[in-house]
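These notes concern the structure reproduced below.
All values below were derived from every heavy atom in this structure, side-chain atoms included, with hydrogens, water molecules and symmetry-related copies excluded.
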Amino acid sequence: MLTPNDVRHRKFRTYRSLLYGEVYDVEDVDDFLDSVADTIKVLGKEVLKAKEKNNG
């Protein structure tokens with residue numbers, strides 16, 4: 001699971017594009033976004049569990 005520091009300090013690979021100059025590696029960014037989505041999913045489940053526990 002990602003931490004706030006993981007997100008703040010994440011560095012992406014870059015490369016030179018003739019059209020756009022220096023750009024981020026798409027696969028690297030996509031992998032990171034998958035990790036972010038996984039973390040959000042886990043945290044969402046934890047919130048639901050806590051709500052159910054408090055309402056039950």
Side-chain angles (χ1 to χ4, degrees):
M1 190 159 63
L2 293 171
T3 66
N5 273 343
D6 293 335
V7 174
R8 283 187 196 103
H9 300 292
R10 179 67 164 100
K11 302 290 184 212
F12 297 104
R13 293 183 303 247
T14 59
Y15 65 93
R16 276 251 175 245
S17 165
L18 292 175
L19 291 175
Y20 304 108
E22 192 168 351
V23 295
Y24 292 116
D25 181 280
V26 173
E27 188 174 317
D28 199 23
V29 174
D30 284 347
D31 290 345
F32 181 70
L33 290 175
D34 288 342
S35 297
V36 171
D38 291 344
T39 296
I40 291 170
K41 183 177 179 179
V42 168
L43 294 174
K45 287 180 181 180
E46 289 179 8
V47 167
L48 288 176
K49 281 183 189 178
K51 284 182 178 181
E52 289 171 0
K53 184 177 179 180
N54 289 333
N55 291 334

* Do Leu2 and Leu43 share a hydrophobic cluster (ILVMFWY, side-chain heavy atoms under 4.5 Å, transitive)? -> no
* Are Tyr20 and Leu18 joined in one hydrophobic group, where the rule is that I, L, V, M, F, W and Y side chains link up if heavy atoms are under 4.5 Å apart? -> no
* Please report the shortest heavy-atom distance between Val29 and Tyr24, naming the atom on each side. => CG2-CB, 3.9 Å
* Asked: If every non-hydrogen atom of Arg16 is compared with every non-hydrogen atom of Glu22, which pair is closest and at what distance?
  -> NH1-N, 3.4 Å
* To do: Check whether more than 12 heavy atoms from other residues, nucleotides or ligands sit under 6.0 Å from atom CZ of Phe12, and answer yes or no.
  => yes
* To do: Without swapping roles, check the side chain of Asp6 against the backbone of Thr3 for a donor-acceptor pair under 3.5 Å.
  => yes
* To do: Determine the minimum heavy-atom distance between Thr39 and Met1, stating which atoms define it.
  => CG2-CG, 3.4 Å
* Asked: From Lys45 NZ over to Lys41 NZ, what is the distance, rounded to the nearest 0.5 angstrom?
  -> 4.5 Å
* Hydrophobic cluster membership, Val7 vs Leu33, 4.5 Å side-chain cutoff -> yes
* Does CD in Glu27 sit with more than 12 non-hydrogen atoms of other residues, nucleotides or ligands closer than 6.0 Å? -> no
* Asked: Ion pair present between Arg10 and Asp31, side-chain N to carboxylate O less than 4.0 angstrom?
  -> no
* Asked: Between the side chain of Asp25 and the main-chain N/O of Arg13, is any donor-acceptor distance below 3.5 Å?
  -> no
